[in-house]
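One structure is given here, and the rest of the page talks about it.
Note that the structure is predicted; figures quoted are calculated from it, not measured. Heavy atoms only: backbone and side chains are in, while hydrogens, waters and symmetry mates are out.
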Amino acid sequence: PGDAFVSLDASNAFNRLDRAVIARALRSEPPGRPLYGYLVAGPAAETAPPLYVHGQHAPIAASEQGSRQGCPLGSTYFCFGLQLLLLELRALFPTLRIGACVDDVGLQGPVPDLERACAWLREHGPRYGYHLNPAKCVVVPPAAGPFSAAAVGADAAGAAGAAGGLSCR
């Protein structure tokens, strides 16, 4: 009852995750090793794959970072890369429960630990290509205790972010 929940959002997460992080994750995890060759031959090749628009004969841009949307393995690449960040977060903050489904990440635990975890993600997430988007992160305060919406004077409409001032900013 004294735990809060934070739903995290990262700016353009799918396209910004560092490909070197994805490659490291694929090489380090046995289930990822067979996919490593596809990554380095495709999205992480020396020359980035060009992006075309229907009817155009020349590429309009090159895909240089992140998991390439439209790639059948893109979500898998993203998940492997994000897993490295989440494993480090779990090691640093063992009191938190961490759940993720592709780029939707949630943290649950004591408010002080959530505050430290959000600060750590703001500072260290960019090493992975993970950039928090504080305006889209959501805080659900605990139901009871010193950080509850009632304890800090927030009504139901202002409860998000009310957990003792906890925010991802």
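Contacts classified as salt bridge (charged side-chain N to carboxylate O under 4.0 Å, His left out) and involving residues 86-104 (residues at least two apart or in different chains) are given here: Asp3-Arg97, Glu88-Arg127. Evaluation of the salt bridge (charged side-chain N to carboxylate O under 4.0 Å, His left out) test over residues 74-87, restricted to residues two or more places apart or in two chains, returns none.
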Applying side chain to side chain contact (heavy atoms under 4.5 Å, CB included), run through Leu35 and Phe80 and close with a yes or a no. CA-CA 10 Å; Leu35 303 174; Phe80 268 96; 4.2 Å; yes

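His124 NE2 to Leu89 CG: the interatomic distance, rounded to the nearest 0.5 Å, is 11.0 Å. Going from atom CG of Leu114 over to atom CG of Leu8 covers 9.0 Å, rounded to the nearest 0.5 Å.
For the pair Gly81 and Val21, the tightest heavy-atom approach, listed with the atom from each and the gap, is O-CG1, 3.7 Å. In this structure, Ile98 and Leu107 approach most closely via the heavy-atom pair CG1-CD2, 3.7 Å. Across Leu17 and Phe78, no two heavy atoms sit closer than the pair CD2-O, 3.4 Å. Closest non-hydrogen pair, Cys118 versus Leu132, comes out as O-CD1, 3.9 Å. Counting all heavy atoms, side chain and backbone alike, Val102 lies closest to Cys79 at CA-SG, 3.8 Å. Nearest approach of Ser11 to Asn133, heavy atoms of both residues: OG-CB, 3.4 Å.
When the side-chain contact (heavy atoms from CB on, under 4.5 Å) test is applied to Pro94, no partner is found at least two apart in sequence or on another chain. Annotation: ring pair (Phe, Tyr, Trp, His ring centres under 6.0 Å) contacts of His131 (sequence neighbours excluded): none. Ala119 is linked by a side-chain contact (heavy atoms from CB on, under 4.5 Å) to Arg122, counting only residues two or more places apart in sequence or in another chain. Thr95 meets the side chain to side chain donor-acceptor pair (under 3.5 Å) test with Asp113; sequence neighbours excluded.
Proximity of Pro31 to Leu26: side-chain heavy atoms (C-beta onward) are nowhere separated by under 4.5 Å.
Using a 4.5 Å cut-off between side-chain heavy atoms of Ile, Leu, Val, Met, Phe, Trp and Tyr, with links allowed through other members, Leu87 and Ile22 fall into different hydrophobic clusters.
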